[in-house]
Number of protein chains: 2
Amino acid sequence: MATIEDVAKLAGLSRTTVSRVINNHPYVSEAKKQLVIEAMKQLGYVPNSSARSLRNQKTEMIAVIIPRVMNPFFGQLVESLEIAASEYHYQLIVCQTLYSAKKELDYLNLLKTKQVDGVILTTLLNDWKQIEPFLDYGPIVLCNEYDQKANIPMVHIDQEYGGYVATTHLIDQGHMRIAYCCGNIKSNVTKAREKGFRKAHSEHGLQIDPKLVFQNVFTFEDGKKVLQKLAALDNRPTAIFTGSDEVAAGVISEAKKLGIDVPTQLAVVGYDNQAITELLDPMITTVHQPVKEMAHKAMNVMMNQIKYKNYKTKEVYQLPLSLIIRNSTCLKSPERLN
Amino acid sequence: MATIEDVAKLAGLSRTTVSRVINNHPYVSEAKKQLVIEAMKQLGYVPNSSARSLRNQKTEMIAVIIPRVMNPFFGQLVESLEIAASEYHYQLIVCQTLYSAKKELDYLNLLKTKQVDGVILTTLLNDWKQIEPFLDYGPIVLCNEYDQKANIPMVHIDQEYGGYVATTHLIDQGHMRIAYCCGNIKSNVTKAREKGFRKAHSEHGLQIDPKLVFQNVFTFEDGKKVLQKLAALDNRPTAIFTGSDEVAAGVISEAKKLGIDVPTQLAVVGYDNQAITELLDPMITTVHQPVKEMAHKAMNVMMNQIKYKNYKTKEVYQLPLSLIIRNSTCLKSPERLN
DNA sequence: GTGAAAGCGCTAACAG
DNA sequence: CTGTTAGCGCTTTCAC
């Protein structure tokens, strides 16, 4: 493989001049520049990126830590992050924790070993205390996840409003007994959503029945099970807020099987606005999260972190979301509430 | 950041000895080994991976080139490839072409610049002639895609059998007019599938009506459009083979809208066995592809390529697939054909 | 067993 | 405008 030295020799110049041409430095005469370009072409020369990384102390790689790619929300996030990264000529490394806190820490080591210039965390499996020491080695940006204690940039979505707007929509439709499903109760994303759910209730003077609250509900199957439990209740709810479209799909599927009509007997709200919401009958009312915008903002913030190296400054960016009303909560009116 | 030099000084030893400890070399006395370990711990030392990459001429990174993460098939492939890579202590870089042949070439440059030890190609947007020169810089493995002309390892699935088994299933159900949708006609994956479709027909002495063949059908929306065209036909088909579950879902959705019953008036076969096949009513008969196995095999082959550096040897691994029969093609009998 | 020294390929003072 | 030189942090001969 040709090196910069080879190019220099062939062009009859020094390594420095070649380097200058590669890096578009000024003060290289046009004549020599052409000489260098010619020599590079002739040798098929491409700079070695390990050498550059070592010398420049940067790798132009970002790691993104997610639970798993097949989770539609995180898949979409990775897709958008990769597109954003490539706009900055950065490469994206995918790191799947598979919900293991230890793997999260393992992947953070990429920062210590300088394999990446920064890490984007999309969930937080460990306590902030465990994460913080890694900041000595490079920037960490929270994207989607939020932590009050963290002294770093975070780009996230207003989940409290998400819970609030969806619940308010149900209450406006006349529902007074609303079931609630959420995912990982330890996540601040989940907590904020629940806060919004509670706020909507208290604003309307409504109580929440603890029997209607379910935790750690993630999948289609989980959704089915929740519906079975609800169906067995004496005093059934007339609506349900689910933490994800998959769960909503499970609820609807099982409701159909048991002859419970959606939305007339049970209104269902999903979350994430995944493709599936438009494929089912009825189509699912859901909360749209601005994933692309979040990804771009997070990458933008990351680039600034890399540039200005102020890794331990808290910066909070909160993005709005919107409710998309479809037939799983009401028979007509496809409006969009902001 | 502590370097190997710092560790050596603190331990009162040479860089060499420290390096030996890091790399688990024999011939280091236990006493000094402990000294080094102690010093490393005290300094929070971690070896710099750019320096190692430069010295060792390997990065322990693999790039995988896919169209996009949100395509469920490729999302699943990335998920499995990342898991496989991490078992070898390799990192995975995601590269999305967004169906641009130029981006495919751009990402192959990661090989030239030595940013990765190898590239896994899952589709082929360029001619093999365009790709081949990159083999001078490192290994390329084809995973999912297949090309007769390529002189490299390829791990793929027996798509011809996929087309064959699905079509035979339809014929066995008594269908004689079967519509056919496929994706990118230039892909060998697509071609093989069609070959199987044709083979099943000729084995049963059946003709294929060109009016029933559709190309470049990828999405849910595309599926809807295909059904609309079929519905407008004088002589409608009684079954349809689609290239993906999404398309099948679109066909079924539109059929419902037009009052065409699935499966009695139109039997529908999907492809990929994505989650959605079990969420819809009717559940979709589909072809299951062994994605995890393919990913593991591809990564395994890649590791051998890196080790033995015989980049230009053709090796073909073909994996079997199976038909999963659900209600979109027949009302009962949930069997599984191999 | 251990260390000195060369060098992986590149960039950036610094000097001219 | 151009070249000389000194490393970036690590591993590996080659001596001892």
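By convention in this document, chain letters (A, B, ...) are assigned in the order of the sequence lines, proteins followed by strands, and residues within each chain are numbered from 1. These values consider heavy atoms only, across backbone and side chains, with no hydrogens, waters or symmetry-generated copies.
Five base pairs at each end of the helix from C:dG1-D:dC16 to C:dG16-D:dC1 define two local axes, and these are offset by 40° (rounded to 10°).
For B:T190 (side chain) and B:N184 (main-chain N/O), a donor-acceptor pair under 3.5 Å exists by modelled atom type. Looking only at distances, a side-chain donor or acceptor of A:D117 sits under 3.5 Å from a matching main-chain atom of A:E60.
Applying the ring pair (Phe, Tyr, Trp, His ring centres under 6.0 Å) test to pairs two or more places apart or on separate chains, none has a residue in residues 37-94 of chain A. The stretch residues 110-156 of chain A participates, sequence neighbours left out, in these ring pair (Phe, Tyr, Trp, His ring centres under 6.0 Å) pairs: A:Y146-A:H156. Applying the side chain to side chain donor-acceptor pair (under 3.5 Å) rule to pairs touching residues 19-31 of chain A yields A:S19-A:N23, A:N23-A:R52, A:E30-A:Q34, sequence neighbours excluded.
Rounding to the nearest 0.5 Å gives a distance of 15.0 Å between CE of B:M302 and NZ of B:K307.
Nucleotides of DNA chain C lying under 4.0 Å from heavy atoms of chain A occupy a range whose first and last members, 5' to 3', are C:dG9 to C:dC14.
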task = Would you give a per-nucleotide map of nucleotides 8-16 of chain D, 5' to 3', where B means the base has a protein non-hydrogen atom under 4.0 Å away, S means only the sugar-phosphate does, and - means neither?
result = BBBBB----

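Closest non-hydrogen pair, A:G138 versus A:L111, comes out as O-CD2, 3.6 Å. Smallest separation of non-hydrogen atoms from B:I66 and B:V78: CD1-CG2, 3.6 Å.
In B:K191, the NZ atom is crowded: over 12 heavy atoms of neighbouring residues, nucleotides or ligands sit closer than 6.0 Å. Counting heavy-atom neighbours within 6.0 Å of A:K186 NZ, excluding the residue itself, gives a total of 12 or less.
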